[in-house]
Each structure stands twice: as C-alpha cells, then as structure tokens.
Amino acid sequence: MNHDVNASLPLEAASEQLSAADLLAERYGFVCRPRRDEAHSLWLDAQGLALLSHGPQAPGPLRVDFVAGAAAHRRKFGGGRGQAVAKAIGLKGTQTCRVLDATAGLGGDAFVLASLGCEVQMFERVAVVAALLEDGLLRAAEDPEVGDIVARMQLQYGDALQLLREQPDAAFDVVFLDPMFPEKRGTARARKGMQVFQQLLSGDPDADGLLLEACRVARRRVVVKRPKGAPWLADRAPSGAIGGDSTRFDLYPALPA
Ligand SMILES: C[S@@+](CC[C@H](N)C(=O)[O-])C[C@H]1O[C@@H](n2cnc3c(N)ncnc32)[C@H](O)[C@@H]1O
C-alpha cells in the first residue's frame, strides 16, 4: 500500500459515532463500510480513531495519544532541551522558534518540540496518518495538562513538496524532515507505530526532493532525522550532525536570502 491508495481503508464506527465517521470519510476519502479481508481497517468510537490490524500476531489498535503513555513519559522525564532533537533544532535558553515539520507522521517529534515551546506547523500526506494525528490533537486539546501544548501544533493534510513550494522564502526558523527510511527487520518490531507504518506505507522514495525546497523555506536551518548509519538525504553532505543512540540529526544551512 502506498500513499495514493491508503484512503480506501474501510472505516467502521460505533453507533453513536456514525455521523462523525461520515465527516471523517468525506474529509479523507475513506469508505464507511464493514471490513472484508483487509489487513487493516479504521475504527471510530468514543475513545477516538484507531487503526486496527488483523490476522495472527497483529499488533493492537494504534491511536495517537499525546496525553498518556510514551508521549507523557517523554514530556515529563525525556530530558527537555537536553534531548538531541532540541539541540538539532538549536533551542537555547528559553528561546523558542517556529518549526515546519514537513513529514509529520504521528506527530511524535512535533509534540516534543511543541512541549519545549515551539510553534509547529505539520504537513502529512497519507490520509490514514493525517486522520489519526488530527484525532490525537483533538482529544489532547481537551486535556488540562497538554491542551496548551497541542494548541501550538497545526496540521495541514497534503503533500509537503507542493505545500513547501507555496511558502515564502525563510517562512519558518527551522524545517524538520523525517521521511520513512526502510528499517532493518526486527528493529521495527519494538515500535508499534513504526511496525504498522512499515506494513502500510511503501517508504518515501521521493524524499530527496524535499531538501532543496526546505532549505529555501528555512530561515536558520533544516534538520533531517535519519537512522544512525543511513546515507544522507539527497546524497548531500550536511554542515553538521547531532547523534543519538539510534538516530542522527543532519543539519543543513538555510539558503542565503
Ligand atoms: C517516519 S514518519 C515521521 C515520524 C514523525 N517524525 C513522528 O515523530 O511521528 C514519515 C512520515 O512522513 C510522511 N511524508 C513523507 N513524505 C511526505 C511528503 N512529501 N508530504 C507529506 N508527508 C510526507 C509519511 O507519510 C510519514 O507519515
């Protein structure tokens, strides 16, 4: 499955959520119908939208949860501005910045940056991913602890290359790119979101094309998140890099104005 066909996933809903499901289907092009033999389907109930996987050894429901679980743990104990991603963005002291996360995924990195005070504009082109992220943002907006954080996160559903081209020069302090990179067998197993992503999405083979536009739209720098040991995006050497345990953040200067 790739980003062109994912919208044909069946969407089912609890009886009190049927009209909400119709709106979601209209917005993202899903089809409200019972699942047949598809390996994945969407389910909407009072807890929000979930991506269900079916079959032996299928992982459990995937929802975006900014309030509890891993996101809450990282927000409280993740190291704040000492985290590699914060250093890569260039957050110093109490400074904040406007970040464009052009490959938002399920919004994990965007939420970390918003937790540190950044305003984050997100782009995501895959309907099912954008719908899950939007649902997570809506539920988190009601929460007294994280409502202020997600108020700093804005999602636009669409292709980043096209949306980047619509941005004026130097429109954001930092542009952040984290396109899909084929993971080694086994490593994806540990992370449910990534495991389902690997099954659903066929990678982002066009990701190289984002870098040049990103450098034009950034005022300070572009940050590209890569698995440790992965080749550079667009085969272009960065001006610096910040390493984590399994991840590397490559830094590219903004194009001169
Ligand atoms: C590895 S995931 C990002 C994970 C994210 N950083 C997080 O913390 O959840 C990559 C995402 O980028 C999206 N993506 C890749 N190329 C894109 C493009 N040209 N426009 C919009 N979204 C894109 C993919 O659909 C996928 O959801």
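Read the numbers this way: they start at 1 and go in the same order the structure lists the ligands and their atoms.
Here's the thing with Asp109: one of its N/O atoms is less than 3.5 angstrom from an N/O atom of ligand 1. Between Asp178 and ligand 1, at least one N/O pair is under 3.5 Å apart. Among the atoms of Glu124, some N or O lies under 3.5 angstrom from an N or O of ligand 1. The shortest N/O to N/O separation between Gly108 and ligand 1 falls below 3.5 Å. Ligand 1 has no N or O atom lying under 3.5 Å from any N or O atom of Met180, backbone or side chain. For Phe176, no nitrogen or oxygen atom sits less than 3.5 Å from a nitrogen or oxygen atom of ligand 1, counting backbone and side chain alike.
At a heavy-atom distance under 4.0 Å, only backbone atoms of Ala104 (N, CA, C or O) approach ligand 1. By the criterion of a heavy-atom distance under 4.0 Å, both the backbone and the side chain of Thr103 are placed next to ligand 1. Counting heavy atoms under 4.0 Å from ligand 1, residue Ala102 touches it through the backbone alone.
Close contacts between ligand 1 and Leu106 involve ligand atoms 9 (O) [criterion: under 4.0 Å to a heavy atom]. Atoms of ligand 1 found under 4.0 Å from any heavy atom of Ala160, numbered from 1 in the order shown, are 18 (C), 19 (N), 20 (N), 21 (C). Distances below 4.0 Å separate heavy atoms of Gly158 from the following atoms of ligand 1: 20 (N), 21 (C). The atoms of ligand 1 that sit less than 4.0 Å from any heavy atom of Asp159 are 18 (C), 19 (N), 20 (N).
The distance from the CD1 atom of Ile89 to the CZ atom of Arg81 is 11.0 Å, given to the nearest 0.5 Å. In this structure, Leu211 CG and Arg216 CZ are separated by 13.0 Å, a value rounded to the nearest 0.5 Å.
Using a 3.5 Å distance cut-off with no hydrogens or angles, the side chains of Arg125 and Gln162 do not pair a donor with an acceptor. Between the side chains of Tyr157 and Glu134, no donor N or O sits under 3.5 Å from an acceptor N or O.
For Gly107, the heavy-atom gap to ligand 1 drops under 4.0 angstrom.
Tyr252 places no side-chain N or O within 3.5 Å of a backbone atom of Ala237 that could act as its donor or acceptor partner.
For Glu145, the CD atom counts as loosely surrounded, since its 6.0 Å shell holds 12 or fewer non-hydrogen atoms of other residues, nucleotides or ligands. Under a cut-off of 6.0 angstrom, the local environment of CD in Glu26 is sparse, with at most 12 non-hydrogen atoms contributed by other residues, nucleotides or ligands.
Annotation for Met153 and Ala114: closest pair CG-CB, 3.6 Å, computed over non-hydrogen atoms.
A tilted orientation is assigned to the rings of Phe176 and Phe249, their planes being inclined by 30° to 60°.
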